[in-house]
There are 2 protein chains.
Amino acid sequence: MKARQRNARGEGGQLREDILMAAITLIEKAGSCEGVSLRAVAKQAGIAAPSVYPHFADRDALLLAVLQKLFDELVELRTKAEEAAGSGAWERLRAGVFATVRFGLERPGHYKMLYEGRVISGLSDPKAATFGRAIQIRVVALIKDILAATPGREAEDAERLSLLLWAATHGVISLQINKPTLRWPKATTLVEELMRALIRPGAAAS
Amino acid sequence: MKARQRNARGEGGQLREDILMAAITLIEKAGSCEGVSLRAVAKQAGIAAPSVYPHFADRDALLLAVLQKLFDELVELRTKAEEAAGSGAWERLRAGVFATVRFGLERPGHYKMLYEGRVISGLSDPKAATFGRAIQIRVVALIKDILAATPGREAEDAERLSLLLWAATHGVISLQINKPTLRWPKATTLVEELMRALIRPGAAAS
DNA sequence: CCTGTAAACTTAACGGATGTAAGCTAACAT
DNA sequence: ATGTTAGCTTACATCCGTTAAGTTTACAGG
């Protein structure tokens, strides 16, 4: 791991990306960001521990950057899945939710960091709180569309339904990650049942 | 903290309880069991660090004992709540679920240890996996009763519904714990809506 | 009451890991 | 040749889990 090439004059910033990637790799391997030491990240990146400091003020700043990057990644995954799902609101919503489920099950360590991580440090919390917001906004819009097209439910609170859907989805992913010894039915199927129960009650049994 | 009285001849076992209590206190204060050091537990209990070893083989054994105790506590809380709720299956189920919600919100660190904690050590996991089982078994029975009394749903899979309910409930608690900066509606209300959507669809709007 | 002994608990210490600070060296652009 | 940048080495103070050995205390038998 020590065979790292020194970067050229203007490209010291390249290392920043490498450090982030190293941290992301280790966090997934460790299952969460706790216990991932700065030294381990440095070793994974092929550099000495103090070489992190020119790029990140301290360990918290590094973890916050990782959090940001992972959220961005999830938002993009979700966006692409929605776009690939066509134009129906229901299909788009389902595709987005499924994308999150897949993300969570394939990369449980990253998912836990995003949605089960405690406040990293006092100051960084308010910033981190806004990271996932983009998703929730689009979900509310989609649910509004679905409700508007469902006779008798036009006046229901889409915001509240989105919270319920989020909670239910997160619960399925979280339990499946944290209680892996139980035998779980297919997560996407469970989530689809929850979606139908909450948003399209008429089709509960698919 | 150093004014601890030495225990009498045969009652060294008293300290075991004190250590457990100290660990439980610190885990709640720290928000999870990671980062709670054996030395900190000892200091909280008013003893020196090595005095833990006559009572617990190592740190993992201590944490496992804490896990056991916390699960027992939650099971008892839930049992009492169900018993106080009368004889209706729906009311008993709701009371039990609400008790868990209250436990989670009042003691988020303990809840996270129970339901978001990773495997403590290789060997201890299979044992720990059975800890929460008692709850789920009773929930399935209650849901069976409810379904049997609901025309048209007698044949539905109570086991699967219990998983969905568990996931949805856990999702509400977990998100509310881990995203405390968002403004959340009352958790018990959210959970009751989920319960109605899943188990009593006819009464979705209360 | 005295005393021996075993339990309850302490202090000291080891080996290692951690985050971070200072200063140094090697490479490249000018 | 020189100045700046990239990254390294060394070092610090602190904490960790754990072991070994010693000390204090409570009680039983005389």
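Here is how names work: the chains are called A, B, and so on, in the same order as the sequence lines, proteins then strands, and each is numbered from 1.
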> Does the side chain of A/Tyr53 get closer than 4.0 angstrom to OP1 or OP2 of C/dA21 through an N or O atom?
no
> How is B/Pro54 classified with respect to the nucleic acid when contacts are heavy atoms under 4.0 Å: base, sugar-phosphate, or nothing?
nothing
> Are A/Lys69 and A/Glu17 ion-paired here, with the side-chain N under 4.0 Å from a carboxylate O?
yes
> Sorted by first residue and then second, give each side-chain hydrogen bond (donor to acceptor under 3.5 Å, both in side chains) pair with at least one member in residues 159-174 of chain A; sequence neighbours left out.
A/Tyr111-A/His170, A/Glu116-A/Ser174, A/Gln136-A/Ser162, A/Arg160-B/Glu193, A/His170-B/Ser174, A/Ser174-A/Asn178, A/Ser174-B/His170
> Which distance, rounded to the nearest 0.5 Å, do you find between the CD of B/Gln68 and the CG of B/Asp72?
4.5 Å
> D/dA6 C1' sits how many Å from A/His55 NE2, rounded?
8 Å
> Just how far, in rounded Å, is P of D/dG17 from CD1 of B/Ile47?
13 Å
> What nucleotide, of C/dC9, D/dG17, C/dT20, holds the atom closest to the side chain of B/Arg59?
D/dG17
> Side chain of B/Trp184, backbone of B/Lys179: donor and acceptor closer than 3.5 Å?
yes
> Do A/Ile19 and A/Ile47 make a side-chain contact, defined as non-hydrogen atoms from C-beta onward lying under 4.5 Å apart?
yes
> Nearest-Å distance, NZ (A/Lys43) to C1' (D/dG7)?
18 Å
> Please give, in whole Å, the distance from C/dT20 P to A/Leu63 CG?
10 Å
> Would you call B/His55 and B/Leu20 a side-chain contact if the rule is heavy atoms closer than 4.5 Å?
no
> Rounded off to whole Å, could you give me the CD-to-P distance for the B/Glu34 and D/dG17 pair?
13 Å
> Out of C/dT20, C/dC9, D/dT18, which nucleotide sits closest to the side chain of A/Ala49?
C/dT20
> For A/Arg39 and A/Ser51, take the nucleotide of DNA chain D holding the closest heavy atom to each; which residue's nucleotide lies nearer the 5' end?
A/Ser51
> Whole angstroms only, please: what is the CG-P distance between A/Leu38 and C/dA17?
15 Å
> Would you mind telling me which of D/dC8, C/dA12, C/dG19 lies closest to the side-chain atoms of A/Ser37?
C/dG19
> Is any side-chain heavy atom of A/Phe103 closer than 4.5 Å to a side-chain heavy atom of A/Ile173?
no
> Round to a whole Å and report the spacing from CG of B/Leu15 to C1' of D/dT25.
15 Å
> Taking atom P of C/dT18 as reference, at what distance in whole Å does atom CG of A/Asp60 sit?
16 Å
> So for the helix from C/dC1-D/dG30 to C/dT30-D/dA1, with five pairs setting each end axis, what is the inter-axis angle to 10°?
10°
